[in-house]
Structure formats: C-alpha cells, structure tokens
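Have a look at the structure below, then the notes.
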Amino acid sequence: MALDTVYEPQKHEAAIYRLWEENNLFAPTEKGEPFSIVLPLPNANASLHIGHTLMFAIQDVMARYYRMQGRSVLWVPGADHAGFETQVVYEKQLAKEGKSRFDFSREELFEQIWDFVAKNKEVFASQFRELGASLDWDHFTFSLDKKVVDSSYKMFKKMWDEQYIYRGERLVNYCTVHRTGFADIEVLHEDRTSPLYYLKYGPFELATTRPETIYGDTAVAVHPDDERYKKLVNTVVTIEGPSGPFEVRVVADEMVDRTFGTGVVKITPAHDFNDYEVAGRHNLPHVRVINHDGTMNHLAKEFEGLTVAKARAAVAKKLDEKGLLVKVDEAYKNRVGTCYKCGSVIEPMLLDQWFIDMQKLAAPAIRALKAKKITFYPAAKADQVLAYLESIKDWNISRQIAWGIPIPAFQNVADSDDWIFNTEVDKEELVIDGKTYRRDPDVFDTWFSSSQWPFVTLDYPDSDDFKKFYPNSVMETGQDILYQWVARMICVGTYMTGEIPFKNVYLHGMVRSEDGRKMSKSLGNVINPKEVLEAYGADAIRMGIIAGRSAGYSAAYAPGKIIAGRNFCNKLWNIARYVQSQENTASGEVTPDSIADNWIVSRLSFAQKEISLLIEGFRFSEAYEVLYHFIWNEVADWYIEASKGSINTPLLGYILDKSLELAHPFAPFVTELIWQQRHTGSFLISKQTEPVISFSKEKAQAFDRLQVIVIEVRAITSALGISKVALEYSDSTLISENEVLLKQLAKLGSINQKTEKKGVSLATSSENCWLAIDDSVTKKYITKLEERIKSAHQNVTQLEGRLSNKSYVDHAPEAVVAQTRNNLQSEQKILETLQKELASFV
RNA sequence: GGGUGAUUAGCUCAGUUGGCUAGAGCACCUCGUUUACACCGAGGGGGUCGGGGGUUCGAAUCCCUCAUCACCCACCA
C-alpha cells in the first residue's frame, strides 16, 4: 500500500478513535495496579476552549502511559451543571428573546435549562473525542445525575446530624442583579475610585463611602483608647440625618483605625461586613435598608425605590443642603467586591442561609496536608492550600437560583426555627404530625456537589470501583481552582470517606494569548481550539500545548510549537513509509549487528528509561523533548541514514515499533494509525511496554566515534563548498571495518587506506585520517582553520586555568576534575592537530 | 497591607538536588532535489541567564538588595 507523502490527520483521526471506542479499550483492565484520575468536570454550558486542550493532553499522556505500563487505568469523564454560571448563560439567551428568568417559576426555569444543557453536553463530549482523550465513557457522570444528588443529600444529612452545618441569618455577599448570594471566594475585588464623604454626624465628624446606608446606622464607633472621644463612649447621641434626627449608641471597638479620617465610624450592621462584626460584639440591632433588587426600602424615607448608586448621590446632596456635608474626597481609592459575572457591586445582605462550619470540616484535611499525605506539583502549592484552610471562613452553600440541586430542607410555617431534613424536594409543602412545612426554595452551591467528585463518581461507599480506585492517583487541574475545588475536595473527601481523595495534585497554569495577556472574549484574543484542531490535527495540538510548559506556570499560546508538533507527526509518518518500503523483502531475528544498530538500541534504551522517569515525575514537557529528540535526531537523522548504507530490516522494524510505543501517549492518533498498518489484530493503545533488547556497549561507543568523523567531514566540506571528497586513513580498524557506513553518512566519494598524509587532517577524531583535498582548495580553508585554532586555544586556556586552581582540584568531586582533565587532553590534541595543519599550509 | 512567582537567543519557553563549552521549537543566514519526509537534509549566526552585591574551587541555579511585570489573599470606614 502506498502512503501519502504528507500525513493528513483529518483523514484518519475520527476512524482511529472509533476503533478504540468500539473495541472498548478505554475501560480499566481486570489486572494491574490501579491508576485513577477524574477529569475536572467541564461546565456543561459552553464548548471547548484552549485551556481544556492542555488539561486533556496532560491527563491523556498519563492515562495512556500508565495503561502501557500494565496499570489498570480509570479516567473518569464528567460534566458540571455549573449552577450559577449556566443560569447566567441561559439568562443571556432569554434576554435576546426579551424575557427574564423572573418571568418563570424556578421549576419552569430548571426544565428549560435542562434541555439547553443536554444539547451542550453532547457537543463537548464529541470534542473530547476529537482530542483523543482515552476516557472511560461508561463512567461518565453529570453533576445532576441521581447518584450525585443522592450523595449530596447524604452528605448534607450527615453534616446536619453532626452539626457541621447550621442555618442562620448572616451577612452574605449578594449580587442584586442576579439576586443570589455567593461564597466569599467567588467575589472579585476590584480597585475603584469612590467618593469619600465627610459628614457632620451628631457630635462627631466622620468619613464614609456610603452615606445612603445612614438609615441603617445603629451605632457609631471609636477606638477605645482615643482620648478625643472617650467621654462619649457608651452614651446615646442624637444625629441629624438627611430625613431628620435619630439616635445611636457610641461604642468603643478595636476595629477602628484612629488614623483613618477622623477616627470615627458609623456602624451599619446590615450592610457592611466589619460593622456586622462590631454589632455582634456590642449587641447592636441590624436594620436593613436595601432590598434584594438593589433599591432602598421604606426606611430610607423619600429615597425609597432609588438604586443604591442613585440614593448615594441624592442623600449626599440632601446632606449638603442641610449643611451636614463637610467635604468630599473624590479621588479616594478603595477595593470593592464585585460580581464576577456582571461586574456590579456586591451588596452585603442579611440572609437566612445554610453554612458549613469550615473550621470543623477543614481540621482533618489540615492534618493530612501537614502529614504530607498529598504531594503537590509544584510543591509550593501545598503550603498555599494549608494557609488557605487554616484561615478559612464558613462556607455559604445556599444559592437563590433555579439551576442546581434543591436543598432537601423544609421549614415549619408556624415556627421559623423548626427545620426538617427531607428529600422529597419535588413537593413544595409537607404536612407532618399536623404541622405544615415549606421547602427551602434554594439550591446548593455547585461546588457542594463537585467537591465530592473523587468518590461520588466511583459509587462510594460499597462499589468495587471505590475499593479499587480510591484514593485517586492524581488530581490534575488548573491552578485557578486550587481553593474552590482542590481544597474543598480534600476537606469533603476526607470527611466523607476518612481518607484523602487523591495522592498527587498536579496543577497546570493558564494558556495565555500569544501576546502573553489573559485570553478573554472582551479582548478578542481567544484562540479557538477547533480551528487549530482542524488545521493541524489533535496530535499536533496536544504536543504543541505541552511543549515548554512546567507545572503551575502560565505561558502564552505558541503557534510555532503546534507546527513543530505537526511536523513531528509527519516525521513519524515518513519514517514509517521508509521502513515499510524496506520491509517488503526480508524478515528475521531482531538483533543488533552493526555499530549503528548497537548505537540506536543504546539510545532507545536511554530514551525509554528517561521518558518513564520524566512522566512519572510529572515533567511532561521534558519527556516530550526527549522523545522528539530521539525520534527525529537519532532515529531519523542518524539511524535511517545509516541504514541506507547497510540495512538490518528486522531491527529497523523494531526501532519503528518502539518509537511508536514511546510516542503513543503524546501522539496517540498517528502512532496507532501506523501500528494498525503493521500489526493487524493488535492495538498500540493496549500494548504493554517491555524492556529494550540488549546491545553491545563497545559497538555503540564505536558508533559515537564514527559520528565524530562524520560531523567534522560535513563541517569542512560544507565550509569549503565541496562534496564527494575522498577520506584517507592509516591504521584505523574503526574506519576499515565501517567503510560503507562512513561513506554513506559523510557523503564521501571514496575511502582509501594510505601511508602518507596529504590533505586536511580531521582534528576531532582520534583516528588517523584526513580528507584528500587539493592544495588549491585548502587555501580557502585557512581562515576557517584560524577561527578553529582561536576557539580551541580559548578552551585550552580556560581548562588549564581551572586545573591550575588548587582549590578546585582539592574541593571539586573527583569525577568532575577527571572530566576536566579529559576535556583538556582532547582539546589540546585538537589544538595541536589544527596548528600543525596551519603550519603545513604556510 | 500581606503573600507568591516571574525576568534566560528576535519570539514563546525548558533547565531535578549548584558541576562538561547554558538548551528546544519557531524565526534568521549559507548550501543542497541523495533509495522516507521541503511539514525535508547538511552547515551556521545569535545569549555578560533583569541590575548590583554576597556565599562557594565553581552560581541561570543558594542568600541579600534594587528594578520591572504578573498573580493570589485581606474587613480599611
């Protein structure tokens, strides 16, 4: 069968994936040490982005590598309902139709989003396949699957019973546009310029960025040691406000910074996190003046119905009119919490929510981390997680949205403190013992379900899968969700199963745009992986995205590396074409014979060991480099070229097969495709790696020495612009025994044994040999020769300097010194030869 | 305000415990159609490893310091 000269991935990739899938080759094997990894579940609301490519490439390299090492590999695919995220995407669609989520009941909305997501799940599952991901599709889990919901309910119940969960009215980060609360970690803090208003406030003057919340003030705070205000502490003072006088208590609290403004703070417990805490310490009432939609309520008197921003300006104006506004610092800079989806200001809002006591939940996780039970790549991330968990605050898990897992809790309509656990969430009301209970309309934070991923996907607690594959071998994910996901999985996994959820965490950085900036739709610098995939193929994009990346670091998307990947596939393809064209004739035993044979087997042996070490050490980019170099520079450039002189067909076939094997984790499609042409009825994906055949070290080293001759001949002939030169030598068995090989590799005209030197000596080889070049041509060589002498001279001087340093000889390890001596000796010999050469010309 | 990281060739980046003359891909220059491959082959140019100081026989690598740029965390009204 004649193969195209250029490899076209588009023609073959889909068929190869189908072949794997139809033969059920992604499923874990019965035997073998388990290796398990769960895919960080992509959001079910969007298609693939370039970051996914990196994630898939790394994880698939591991899955395929360990599968070929005989491990029983389970790689679990999934999709996240991504509650809030997805609802926002869907709301945008509704907006295009002129509708809003508030036009529907939560049940109606849930149904609609369900249909919307079902379509998307199909789309991205097909995209995983296009990248060659060897995921076990039978284990596919969607975060709203029954088993995830059941597990979430079980966990909620356990936490409730064991008092890890409490319900309470707390100040919560709230987006008034999306009308839901968030966890602290979801809030984006932005630098903003906000006017700082200096107000006359009863007997005080104070600075505030929020004059509109004055209607919710229930105290004014000063520092306990502040002499200026000491007399007023614990008194009740009358404040003239925008709509008339009101009374507040003066409290002393350490929180107040005496140097800021006037050292006086108005306390609005219902709308500020600091003030809320002050109120807790001093037993102050909470007065809510802002509605959930971000407008002022009736307590704001004539400002009722205005948005916060409008009310702020209006109240300030009113205060000014009443002579209560002292001054305004327009250039005041502060940090403001914003909604990461719409950018609107997060309003601290008093809400009844479910919270997890994180100090309690994190304690076992902290112990596990301190005991170094989980290894992080990069290692420094372990300390970051630890620091995060040690200062963690309680986790608000209630979300006021439709798209998510309904919270299985019902409240007694007659007694607001009476809550019961019940999973009949399809009912709005339950009547139990004559008492009526109404369902909590909220849903869980998405991360509440996804934090269970390592065990819920394995059907914890009784399944064979769980027993075999938990804890997971590796958690590979983006460093951007270290806290949101990785930290929570460690907490939740340890809490539920009593064991850490995974042994290793490998974090990849972000794929930035070509200019090094963040990729974002608004900047218009997003790379669409689908286009790259279509242009270069999956193998190319996988290798290109892995190349030159190390754990935890973000790096720019580099198209040159994708092209290199594409070229590498073509190289493999053409190596195969060549080998197969030679194989038509003979078959026989695979044994290294010539020095080239032994050399390539020694290089193969080195590459196989090195690649293993690097992959197992999570150094994927370096493993890829070793592979690339072995196949391109050693197999193709040296061994195949050598084979054109004298060929060992069975060994050549073996080298090709082993190359395919080593490359398969990185370039699964092209390697399997070639494999299928060579070995019908067997699959490279499930081939088990065996040790490399044995070879003669002496012969391999002889080839090294032959290479030295070849390299110098090429350099001299290239510099002089001549070809087909005759090589002459005396007393060299290396040359006499390998004339054919040498002639082929160095493109020599002939090789002859002579007794007398006439021509240009080869300086770097220890063999006595020279190129028989005419005197008229050698003249041109003088300049080159002088350059070489200069550089050799520099090397000799440097090495002599090092060796004449007594401290170096005394202190450096013997091997290092010996190496230096060797280098000096060979450099001296080169210098000597070159100088003699020059002398003979002049 | 704290913390972490980065700065290596024109570009994008590697470089495990300090140790051969600091590497790769892309780009660049010269030559080349030879039994796979021009998505190619051979040869070549290009770096005082951000600046300064220190430790050491020896520093891209360890320490200090400065500069620039990222990112993360935090309750400054």
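In what follows, chains are A, B, ... by sequence order, proteins preceding strands, each numbered from 1. Here the structure is a predicted model, which means the values were calculated and not measured.
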Inset, instruction - Run the numbers on T268(A) and R210(A) for side-chain contact (heavy atoms from CB on, under 4.5 Å), then give the verdict. - result: CA-CA 10 Å; T268(A) 322; R210(A) 305 206 59 182; over 6 Å; no
Inset, instruction - Applying side-chain hydrogen bond (donor to acceptor under 3.5 Å, both in side chains), run through H282(A) and D253(A) and close with a yes or a no. - result: CA-CA 9 Å; H282(A) 300 274; D253(A) 197 283; 2.8 Å; yes
Inset, instruction - Flag the pair Y276(A) / H271(A) as yes when their ring centroid distance falls below 6.0 Å, and as no otherwise. - result: no
Inset, instruction - Tell me whether the centres of the aromatic rings in F182(A) and Y174(A) are closer together than 6.0 Å. - result: no
Inset, instruction - Taking only Lys NZ, Arg NE, NH1 and NH2, and the carboxylate oxygens of Asp or Glu, determine whether R788(A) and E712(A) approach each other closer than 4.0 Å. - result: yes
Would you indicate which nucleotide in [options] comes nearest to any side-chain atom of [X]?
X       : options                : value
S807(A) : C57(B), C37(B), A6(B)  : C57(B)
A715(A) : A36(B), A77(B), G44(B) : G44(B)
R512(A) : G41(B), C13(B), G15(B) : C13(B)

Legend entry - 5' precedence on RNA chain B between A719(A) and A207(A) (nearest-nucleotide basis): A719(A)
Inset, instruction - Could you pick out which residue, V809(A) or Q384(A), lies toward the 5' side of RNA chain B when each is mapped onto its nearest nucleotide? - result: Q384(A)
Heavy atoms only, 4.0 Å cut-off, all strands: where does [X] land among base, sugar-phosphate and nothing?
X       : value
I640(A) : base
Y276(A) : nothing
K333(A) : nothing
D810(A) : nothing
R566(A) : base
A636(A) : base
Y332(A) : sugar-phosphate
D637(A) : sugar-phosphate

Inset, instruction - Measure up the Y7(A) and W573(A) rings against each other and bin them: parallel (under 30°), tilted (30 to 60°), perpendicular (over 60°). - result: tilted
Inset, instruction - Report the relative orientation of the aromatic rings in F666(A) and Y624(A); use parallel for angles under 30°, tilted for 30 to 60°, perpendicular for over 60°. - result: tilted
Between [X] ([atom1]) and [N] ([atom2]), how many Å, whole number?
X       : N      : atom1 : atom2 : answer
Q479(A) : A70(B) : CD    : C1'   : 11 Å
E190(A) : C71(B) : CD    : C1'   : 16 Å
I214(A) : A77(B) : CD1   : P     : 17 Å

Legend entry - Pairing string, 5' to 3', for RNA chain B - Watson-Crick or wobble contacts under 3.5 Å, brackets [ ] where pairs cross, | to another strand: (((((((..((((.....[...)))).(((((.......))))).....(((((..]....))))))))))))....
Inset, instruction - May I ask you to decide if K266(A)'s main-chain N or O and D217(A)'s side chain share a donor-acceptor pair within less than 3.5 Å? - result: no
Inset, instruction - Measure from NZ or CZ of K644(A) to the centre of the six-membered ring of Y578(A), then state whether that distance is under 6.0 Å and the direction lies within 45° of the axis. - result: yes
Inset, instruction - Calculate, to the nearest 0.5 Å, the distance between atoms CD and CD1 belonging to E634(A) and I640(A) respectively. - result: 13.0 Å
Inset, instruction - Using only side-chain N and O atoms of T209(A), determine if any of them is under 4.0 Å from OP1 or OP2 of A77(B). - result: no
Inset, instruction - Please confirm whether any donor atom in the side chain of E641(A) sits under 3.5 Å from an acceptor in the base of A42(B), or the reverse. - result: no
Legend entry - Base-contact (B) and sugar-phosphate-only (S) positions in nucleotides 18-26 of chain B, heavy-atom cut-off under 4.0 Å, - elsewhere: -BBB---SS
